[in-house]
Amino acid sequence: MKDALKTLEKESQAAIDQAKTLEDVETLRLRYLSKKGQVSQLMTQLRDLPAEDRPAFGQAVNTLKMAIEKALYDQKQALENEALLARLDQEKIDVTLPGYRFYQGAIHPLNQVIEDVEDLFVGLGYEVAEGPELENDHYNFEMMNLDKDHPARAMQDTFYTDETMLLRTHTSPVQARAMLAKSGQPLKIICPGKTYRRDDDDPTHSHQFMQIEGLVIDRHVTFGHLKDALLTMARHLFGPDRDIRLRPSYFPFTEPSVEVDVSYVKKDGSTGYIEILGAGRVHPNVLRMGGYDPATFQGFAFGVGVERIAMLKYHIDDIRHFYTHDLRFLNQFKGGGQS
Ligand code: DAH
């Protein structure tokens, strides 16, 4: 019987030492220590012993039981430790790896042009005014001296949402809104914003584009004031050596009207001119509808295409680049703008 005890002691130690997983340890615990386990079975043999041998044997079985319990516990701890170390090893953070890179955004080239022009005119005492992109026919056309049957409406074929509402075809309706808001007081505004026309997109046309409108109304405003504002803007945008040229033109909201070209140096060294905007003296009808008496007040206005300016300034040959969000294109303008 002593032999059985010795055998179980040796065998259990060896088995527990070799347990590889927590499940193995549990299986061994059941094998040795459960109610019908091998240790209990040894105990049942107690009654076959002579009475004087029983206490010593009982004690020996108990000692074995405790030894097995301890061995199981130790093995379990060792396995858990091993698992923890393995996990730590796997999850270890390599602090020497390079970090994630945050890509810095930049101001869109069109917004750079707008900010640049705003900066100039705000410095000259103008206010920045804005208006809705979904505009009423009344402001977009009627108050700009283009009544329902006016043939010039066809030049600005547009997107109507119903009988009266449309995506504005130019920033000029902001003029009408600003005049009414000023109720007859002098004003100096520039109005940047998005505009829409029913064009097929190609290198020089985009159904959505941007304009900056300028409007000055006061007593004694002359064509000379307009010319000065335009020359100042052209030189601010393109450089101090530039000149402008005014050509007679037609807009329903101005009279007289001009188209404005900016000078540039051609490859052969001679001077060329390229159109940049439309302008003129505010038409008496527009003044009247806006609440100003044309006998007392005069005004000048201009409207400039932001894409056109950006294309000339940065030598861009396709207007669609501005709207297709290609980072290779946009990244070239990093570092420009105000912030
Ligand atoms: N609204 C015109 C257009 O979109 C541009 C323009 C021309 C605006 C002359 C003006 C102006 O204020 O005086 O084609």
Side-chain angles (χ1 to χ4, degrees), residues 113-114 117 121 126-133 135-147 150-159 166-179 187-199 204-218 221-231 233-234 244-262 275-287 289-290 292 294 297-309 319:
V113 169
I114 288 176
V117 173
F121 282 102
Y126 287 65
E127 283 174 58
V128 178
E130 285 182 350
E133 287 168 36
E135 185 54 283
N136 202 301
D137 184 288
H138 180 68
Y139 294 109
N140 193 79
F141 288 130
E142 305 261 333
M143 283 194 70
M144 287 296 108
N145 205 27
L146 282 133
D147 59 32
H150 202 295
R153 279 193 182 218
M155 282 161 36
Q156 302 193 357
D157 199 4
T158 190
F159 302 104
L166 53 109
L167 291 174
R168 68 181 176 193
T169 57
H170 49 184
T171 42
S172 301
V174 187
Q175 287 191 22
R177 290 176 172 277
M179 281 191 269
L187 67 78
K188 274 168 95 173
I189 52 166
I190 55 156
C191 330
K194 292 186 186 132
T195 48
Y196 303 82
R197 284 182 203 179
R198 224 183 53 176
D199 268 329
T204 53
H205 293 87
S206 169
H207 61 281
Q208 187 247 295
F209 55 104
M210 286 192 167
Q211 288 189 334
I212 304 174
E213 191 85 9
L215 174 68
V216 171
I217 300 179
D218 210 333
V221 174
T222 69
F223 219 89
H225 292 126
L226 169 62
K227 212 176 156 186
D228 177 65
L230 297 174
L231 183 62
M233 175 162 68
I244 55 170
R245 186 175 74 175
L246 308 190
R247 281 178 292 107
S249 184
Y250 169 78
F251 297 104
F253 24 88
T254 44
E255 180 58 37
S257 304
V258 286
E259 249 152 357
V260 181
D261 305 336
V262 65
E275 185 192 325
I276 55 166
L277 58 89
R281 288 241 296 168
V282 180
H283 195 289
N285 288 349
V286 173
L287 282 174
M289 284 186 275
Y292 293 85
F297 284 95
Q298 308 85 40
F300 69 73
F302 58 88
V304 50
V306 178
E307 286 80 358
R308 187 164 178 79
I309 297 295
I319 195 171

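Every number for a ligand or one of its atoms is a count from 1 in the order of the listing.
- You'll find the ring centres of Phe251 and His170 outside the 6.0 Å limit.
- Few gaps surround CD on Glu133; more than 12 heavy atoms of other groups in view lie less than 6.0 Å from it.
- Annotation: salt bridge (charged side-chain N to carboxylate O under 4.0 Å, His left out) contacts involving residues 244-254, sequence neighbours excluded, comprise Arg245-Asp261, Arg247-Glu259, Arg247-Asp261, Arg247-Glu275.
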Ligand 1: which protein N/O atoms lie under 3.5 Å from its N/O atoms?
from     : atom 1 : to     : atom 2 : distance (Å)
ligand 1 : 1 (N)  : His170 : ND1    : 2.9
ligand 1 : 1 (N)  : Ser172 : OG     : 3.0
ligand 1 : 4 (O)  : Arg197 : NH2    : 2.8
ligand 1 : 4 (O)  : Gln211 : NE2    : 2.8
ligand 1 : 12 (O) : Gln175 : NE2    : 3.1
ligand 1 : 12 (O) : Glu213 : OE2    : 2.5
ligand 1 : 13 (O) : Ala301 : O      : 3.2

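- For Phe302 and Phe121, the distance between ring centers is under 6.0 angstrom.
- Here CD of Glu130 is found 10.5 Å from NZ of Lys194. Values are rounded to the nearest 0.5 Å.
- For Arg197 and Phe209, the positive end is not near the middle of the six-membered ring at less than 6.0 Å and at most 45° from its axis.
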